[in-house]
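Positions are given from 1 along the sequence. Both counts, for ligands and for their atoms, begin at 1 and track the order of listing. Computed from a predicted model, the values in this text were never measured in an experiment.
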Amino acid sequence: MLTNIEVKKMLIAISEMYGEREEELSLYDAVIGDGDHGVTMARGARAAIQKMQSMEEGSVEDFFKAYGRTLVSTLGGAIGPLFGSLFLEWAKAAKGKEMFDVNVLCTGLARGEEKIMSLGGAVLGDKTMLDAIHPTVLSLIESLNNKDTLTEGLEKAKIAARKGRDATVPMMALKGRSRHAKELSVGHVDAGAASFYYLMETMENFVASR
Ligand code: ADP
Ligand code: MG
């Protein structure tokens, strides 16, 4: 379980990771899309770090909500509301709770997945971040049933997200700007699915090294 202050630190660690992955994530998007995904994520990350640092106090809900809102307003385009949804749903799931645990992680991600589907209209197999998110939700539901600790839940979630990301390689992109690439997209990892995997990896690293 993470306290509010640990959640704030984890969100800063996530932002730092997107700063470091800027080039790599843009490269994935360049093969299939317009090559801006890493730049967009890094821009959102810089704004989010500033926002986190400006907040001395806050609950688990407050930090996730501020982070999600910052992403929605600074990422822009379609990706802002889609990716921002994850953090806004983690905020809602944390409402009235002192700690961030497997329950909040699982509930928020499951609702975030639904939100992304209803906002963006993509379905599984369209070669989007959803293909990495969905197996992660399934893994977390299992962790919830097993009463796994947050560390255990995230270890398994990271593996599920990595498999989901890798499963996007043979898929054909149908949604987002990358739909223009169609056949060209086959054989490459989806940028948004990679972004989501790194999000899970960073959460897992943070929780394990605490
Ligand atoms: P854009 O497509 O506007 O250039 P980005 O390059 O930042 O935005 O993000 C591209 C990623 O967004 C894709 O790799 C994909 O994972 C995700 N994505 C695009 N459209 C959708 C959608 N409708 N639903 C879910 N994810 C999507
Ligand atoms: Mg793009």
Of all N, O or S atoms in [X], identify the one at the shortest distance from the Mg ion (ligand 2).
X     : value
Asp34 : OD1
Asp36 : OD1
Asp29 : OD2

Where ligand 1 meets [X] - atom numbers and elements under 4.0 angstrom, heavy-atom basis:
X      : value
Ala122 : 22 (C), 23 (N), 24 (N)
Ile116 : 25 (C)
Gly120 : 23 (N)
Asp29  : 6 (O)

Polar atom proximity, [X] to ligand 1 (N or O, under 3.5 Å):
X      : value
Gly121 : no
Leu82  : no
Lys127 : no
Ala78  : no
Thr40  : no

*Side chains of Asp62 and Ser59: donor-acceptor distance under 3.5 Å anywhere?*
yes

*In terms of side-chain heavy atoms, does Ser15 have a donor or acceptor partner in Tyr67 at a distance below 3.5 Å?*
yes

*When you check the gap from the basic side-chain N to the acidic O, do Lys92 and Glu89 get nearer than 4.0 Å?*
yes

*List in chain and number order the residues that pass side-chain hydrogen bond (donor to acceptor under 3.5 Å, both in side chains) with Arg21, two or more places apart in sequence or in another chain; answer none if no residue qualifies.*
Glu24, Tyr198

Please answer whether the main-chain N or O of [Y] pairs with a side-chain N or O of [X] as donor and acceptor at a distance below 3.5 Å.
X      : Y      : answer
Thr70  : Ala47  : no
Asp101 : Asn103 : yes
Lys115 : Leu88  : no

*Given Ile133, Ile79, Thr168, Leu130, which one has a non-hydrogen atom that is nearest to atom 8 (O) of ligand 1?*
Ile79

*Just say parallel, tilted or perpendicular for the rings of Phe87 and Trp90, cut-offs at 30° and 60°.*
perpendicular

*Does CD in Glu152 sit with more than 12 non-hydrogen atoms of other residues, nucleotides or ligands closer than 6.0 Å?*
yes

